[in-house]
Structures are given as structure tokens and as C-alpha cells.
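A quick note: this is a predicted structure, and the numbers were derived from the prediction, not measured. Just so it is clear: chains get the letters A, B, ... in the order the sequence lines come, proteins before strands, and each one is counted from 1.
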Amino acid sequence: MTSDRPFFITTPIYYVNDLPHLGHAYTTVACDVLARFMRLDGRRVRFLTGTDEHGQKVEQSARAVGVSPQELTDRNSTGFREMARLLDISNDDFIRTTEPRHIRGVQALWQELERRGEIYLGNFAGWYSVRDEAFYDENELVDGKAPSGADVEWLEEENYFFRLSAWQDRLLAYYEANPDAIAPRGRRNEVMSFVRGGLRDLSISRTSFSWGIPVPGNPKHVIYVWLDALVNYITALGYPDRESYDFSTFWPADLHMVGKDILRFHAVYWPAFLMAAGLEPPRCVFAHGWWTVEGQKMSKSLNNFIPPKQLVDTYGLDPVRYFLLRELPFGSDGDFSHRAVVGRLNGDLANDFGNLAQRVLVMINRNCEARVPEAGALDAPDTALLEAARGLPKTVRTHISERAFHLALESIWRLVGEANRYVDEQAPWVLSRSEPERMRAVLYTLAEVLRHLAILVEPFMPGSARKLLDQLAVPEASRDFAALAHAPLVAGTQLPKPEGIFPRFVEEPAD
RNA sequence: GGGCCCGUAGUUCAGCUGGUUAGAACACGCCGCUCAUAACGGUGUAGUCGCAGGUUCGAAUCCUGCCGGGCCUACCA
């Protein structure tokens, strides 16, 4: 089942014009869970995140605040780095598009595309709205104005173009040959119908601002931010050195996780750029959904972007990580509400799982001299429960491979439920008086189930899992998925004093 | 305008290659337990499956129309 095949996963690089919020946290945590899962499953993982730092907006924002673009960028990039630390993200690398390694790679890719005749110099003309900062097509205009109602003017600009139009058929062939290249299904259909509708050549340079990577040989132009940004996925692997260990090991990427807003860039432009440069396209681009907050869209006017720090301060890190992945089918939109988070935290984490661990550990502590009890002879209910635990990794692995985080967690929680039922049925507190040997078999069974649960939950809630594994005295080296089958708890091992893992969230009384 | 998706218990959703009394979780009622984070377990109430037609021996599940909601429909993130 397991394999040591390399696994390369990326978050989008986050635009430094924004401050980190719930949406960034979501994408990043989802990637982190997959990265951790694959590592625990024995795979060689490279997990990349970073920041996108060029473009007109950054240049303007910097000017507005009276700092240089580089200063602004340094400051805001740090914010995303801190978010990763705050969320206990296990990224192996953090790339910034202002780093020399990236700039060098982007220019090399440009030259490669140029050498292959994929780039030409032409004129870009269209109706430009200064207010919207956007060009519009003739047929998009309404009464000679932008769809937004803004005034437009005819602008012509010398631009380099990428021959995207030439790639329509090859893109479609790529989607056909790789049904999983774009997920979920609905998104794939959207992308394909978009491409079938015909592709225009893409303007890939700008002369109206300067905060960007200069076009090799024509520094009046800077490279279009998306061509700049997307390439981070390979410059982080050492491109243009295609023989490097990193590049040859980890490319093509197994998964680019993106928000649905930037799917097109990843599912159309990016594969086209890569193929045009003679490189392999990614194995999968997955577009996840959006969160609303208390039923409302996150927006600048409502100013309801929740900073990750606030979430963690309020609920604790692991409950937030759990909630984000448990609450809705990955790929769908969902609502982030205080009520829902508290429901998950108190119901799933504190009552079901946390309390299960607590009741079992306390009984062992009191009735077994705080040592892992001797299993002795096991009865049918014991082996049934243990079988359920032993079968669980396979189920979870299947769900994770389909990125169905919610189903993975749901299947883990089914075992939590079975274990709680088993406790009630076996009533070890009764056995402690009448049949101590039987009690030990029951408590050993439960401890083993806890060990399975703790290890399976590690990718989702690394801190809490660690606490539980510490309380079970599971050695550091026996905390991966291989250890599930090969390193059962050893009778007689001394256990520390039990401590709650998931405290209940108690509402502050309103005043 | 064109394309795609959704509308099922109070709530969030599953079921939808048509076929026994439409399921789960949460919430709510009752019962049990007392090891445990006033936690756990059992059990019950609850739905004209958006509306109207049609196909079929039989439709939540297929077809048509309507109503309601969402997404996509190319460049400065």
C-alpha cells in the first residue's frame, strides 16, 4: 500500500498585497495535512508555499504608504511566514518571487519560450478603464462604457505575447488523457468548456509599471505577474537546472492546491507555458471552495476577513484545523460560523474523542498502576474492535488519496464511536471489582485503539496527537503509519498522568 | 444571453447506473450508566424528497417545463 514515491505539493503563492486571512489558512492547512499524511505514509515529500510579490498593485500600495515595493513586500511576506508557523505548517520551503533563484528561473523560462518561437512582440489594444484597472473587449462594453459603468479609453501598448491560441488542442488532449488533472469534476468541465470555446494569445509583458521581473533583452518590459508567479513551482526546485536532484525528483507536481478563483491560471495557462517550454504539466490542480463567514461573503466592504491569529487565539489551533477539514466536502463552499466551530469542538473533539481518551487513561492510571495493562486472552468484542482499528488506515488512505478530508475524519470518528460504545458495554469499572484480568484485556484493547486514533489523526491535529501519543508513551520512532501494524503498545510501559487533550469551549457569559 | 450545478427531516447533508417500511449527524423527548472533560450508551419524534406534468409494473432517483439559489463565461492577483 505505501510507497516511497516522491510527493510534491504546493499552495498558491500568496499575493503580498493582502494580509493573511481564513482563506489562506484553509488552503495552507489542507496542503499541510496531505504533506504530513504522505510523510507518515513513508513518502518523500516536498511541500512548498511562498509569496507572490510583483505587480502594479504592490507598486501602488507601496507608494501609497511611502515605502519601497521591496520594503512592503518584505513586511507582508513575513506575515505569511508567520501564519505558517502559527498554523504549525510543515512546509519544506518558502519561496518569494523577489528572490534571485526565482528571478533567474523566470528569465530562463522566458528565453526558452522565446527560443522555441512561443513568444512574439505585438500590440495590445483595447478599451481600458482606469477606475477598474482592466481592459474590456468591444462586445463587453455597455453603451460605450465598462460593464461597471466606468469610462473607458482606447489604449494601445507594445506587449509580448504568448501563443496560447496554438495550444488549445494540445491542452484538450492533455485534459482528456489525464482525467484527474483538474479536480473536482465540475471544475474540470468548466475549464474544458472554456478551452473549447477558443483561446486568444496572452499578453505576457507590461510597460506601464516597473515592479516586476525585466524581460530579458528588453528591460522596458516587465514580465506579466502570472507568468512570473506560476513559475515559482519550478524555480523552487532549481529550474532552470533540470538535472538537479530536486527538479528531477519532484517535478511534475503531484498537486497544486488552489482556490477556485485562480483555477484558470493553473489549469490553462500554466500547463500551456510548461508544455511550450518542453516541460511536463502538473499531475493535478485541485480547486477548493470558498468560506463565507457567519453566512456572509468575505469582502473588503464588510471587512470580515478573519486573521488566522484570531482563530487560533479563540479556539486553539487544532480545533481550527479540524473544523476546516471536517465541516464540508473538500471542493465545496461552506460557512464558517462560531456556532458551528463550537459544535465541532465540543461535540467531536471534547465529548467524543477527548473524553474517550480521558476515561480510558484515567482507568488505566487508577486500576493498572499507570502501566500499559497485559492483554491476556481477548474475547470476541475485543478482537472485533481491534479489527476495526486495524482496518481503518486503509479506509483513511483511500479518502485522503481522493482528498476527501471530511470522509477521512468521519471514518476515524466512527471508530471513536465504536470505542465509546465498547467502553459502555464492557463497563471496565465493574470488571475492576469482579474480574480484574478481564478488565485489563478491555483496557489494553482500548489503549491500542487510542494509539491507532492518535496516529491517524496526526496529519490533521499534530499537536493534540502528540499529546495523546505522549500519554500512551509511544516512542517517537513508532508514530508513523507503518508503526500502526508493527509497534503495538508494550505491556508494563509506565504511563504519565492523564491530561485532557481537547478542553471544552465554554462560552463567555454575555454581559 | 450561453454552459454547468443545486433545491431531501428544525438545521447541515447523504441517497439519485429507477425497485424492500427515504438515511446520517446536530438539535429535541424518554431511558440507562456513573469510568470520564455535566462527558458516554440505548431509544423515540420528525420529511406530500422545490412545484407541475410525463415515461414506467414501479421515480427522491429518468425526461420536459416552471420557481428559487449558486458557479463559469480570458489578461493587470
d([atom1], [X]; [atom2], [N]) in whole Å:
| X | N | atom1 | atom2 | result |
| --- | --- | --- | --- | --- |
| Trp211(A) | C76(B) | CH2 | C1' | 17 Å |
| Trp413(A) | A39(B) | CH2 | C1' | 16 Å |
| Phe502(A) | A36(B) | CZ | C1' | 16 Å |
| Arg200(A) | U73(B) | CZ | P | 13 Å |
| Ile223(A) | C76(B) | CD1 | C1' | 15 Å |
| Glu425(A) | U43(B) | CD | C1' | 15 Å |
| Asn420(A) | C35(B) | CG | P | 16 Å |
| Gln426(A) | C33(B) | CD | P | 17 Å |

Checking base pairs now: Watson-Crick or wobble, both atom distances under 3.5 Å. What partners [N]?
| N | answer |
| --- | --- |
| C75(B) | none |
| A25(B) | U11(B) |
| C4(B) | G70(B) |
| C40(B) | G32(B) |
| G65(B) | C51(B) |
| C57(B) | G19(B) |

Closest non-hydrogen atom pair, Cys284(A) against Ala183(A):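 Closest heavy-atom pair between Cys284(A) and Ala183(A): SG-CB, 4.4 Å.
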Closest non-hydrogen atom pair between Leu274(A) and Ile234(A), with its separation: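 What the structure gives for the nearest pair is CD2-CD1, 4.3 Å.
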With heavy atoms under 4.0 Å as the rule, sort [X] into base, sugar-phosphate or nothing.
| X | result |
| --- | --- |
| Arg421(A) | sugar-phosphate |
| Ile262(A) | nothing |
| Gly198(A) | base |

5′-ward residue of the pair Gly55(A)/Val191(A) relative to RNA chain B: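 Residue closer to the 5' terminus by nearest nucleotide: Val191(A).
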Nearest-Å distance once atom [atom1] is located in both [N] and [M]:
| N | M | atom1 | answer |
| --- | --- | --- | --- |
| A9(B) | A22(B) | C1' | 10 Å |
| U12(B) | G19(B) | P | 26 Å |
| A52(B) | A39(B) | P | 44 Å |
| A59(B) | C49(B) | P | 12 Å |
| U17(B) | C62(B) | P | 7 Å |
| U21(B) | G2(B) | P | 42 Å |
| G50(B) | U8(B) | P | 6 Å |
| A60(B) | C51(B) | P | 11 Å |

Carboxylate-amine/guanidinium proximity below 4.0 Å for Lys297(A) and Asp333(A):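 Here Lys297(A) does not pair with Asp333(A) in a salt bridge, since their nearest N and O are not under 4.0 Å apart.
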Electrostatic pair Glu59(A)-Arg63(A), nearest N-O below 4.0 angstrom: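 Between Arg63(A) and Glu59(A) there is a salt bridge, with a charged N closer than 4.0 Å to a carboxylate O.
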If you check every side-chain atom of [X], which of [options] has the closest atom?
| X | options | result |
| --- | --- | --- |
| Ile501(A) | U37(B), A74(B), A77(B) | U37(B) |
| Val225(A) | C72(B), A77(B), C75(B) | A77(B) |
| Leu199(A) | G32(B), A77(B), A74(B) | A74(B) |
| Phe209(A) | U37(B), C71(B), C76(B) | C76(B) |
| Arg187(A) | U37(B), A74(B), C72(B) | C72(B) |
| Trp429(A) | G41(B), C33(B), C75(B) | C33(B) |

Can you list everything that forms a ring pair (Phe, Tyr, Trp, His ring centres under 6.0 Å) with [X]? Sequence neighbours excluded, please.
| X | result |
| --- | --- |
| Phe273(A) | Phe162(A) |
| Phe405(A) | Phe330(A) |
| Trp413(A) | Tyr322(A), Phe353(A) |
| Phe209(A) | none |

Near-ring test Tyr26(A)/Trp291(A), centroid separation under 6.0 angstrom: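 So the answer is yes for these two rings.
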Test: Arg403(A) cationic atom under 6.0 Å from Phe286(A) six-membered ring centre, within 45° of axis: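 The answer is no; the distance or angle limit is not met.
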Protein proximity profile, nucleotides 1-15 of chain B - base contact B, sugar-phosphate-only contact S, no contact -, cut-off 4.0 Å on heavy atoms: ---------------
Contacting residues from residues 342-366 of chain A, given that a heavy atom lies under 4.0 angstrom of RNA chain B: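 Within residues 342-366 of chain A, the residues near RNA chain B are Ala350(A), Asn351(A), Asp352(A), Gly354(A), Asn355(A), Gln358(A), Arg359(A), Val362(A), Met363(A), Arg366(A).
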From CA spacing to verdict: side chain to side chain donor-acceptor pair (under 3.5 Å), His102(A), Asp228(A): CA-CA 9 Å; His102(A) 177 73; Asp228(A) 171 346; 2.7 Å; yes
Between Thr10(A) and His256(A): side-chain donor-acceptor atoms closer than 3.5 Å: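 Yes, side-chain donor-acceptor contact under 3.5 Å.
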